[in-house]
Amino acid sequence: MQESRRNFAKKAALVAAGTAAVAGTSVLAATGKSSVQGDENNGVVVGSSRKKEILYKKTAAWEEFYKNAN
């Protein structure tokens, strides 16, 4: 009896893992998103945020860094 419970638990775990893998694959296929870069996007990700992105703000620390970097 104990052995049949263990076998059942093992089989149930394998089925659950397989179901999760199939579900994840089908969601990826349905959305059409992948990590493969195509020619149309050239690797650039375009978001929908309305915030302005600030990449550099001139400060004394940055000035010192750039002066020492050269």
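Note that these values count all heavy atoms, side chains included, but never hydrogens, waters or copies made by symmetry.
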Distance-only donor-acceptor hits, side chain of residues 50-57, under 3.5 Å, sequence neighbours excluded:
| residue | atom | partner | partner atom | Å |
| --- | --- | --- | --- | --- |
| Tyr56 | OH | Glu63 | OE2 | 3.4 |

* Parallel, tilted or perpendicular, as decided by the 30° and 60° cut-offs, for the rings of Phe65 and Trp62 -> perpendicular
* To do: Please list, chain by chain and in numerical order, all residues satisfying ring-ring contact (aromatic ring centres under 6.0 Å, His included) with Phe8, sequence neighbours excluded.
  => none
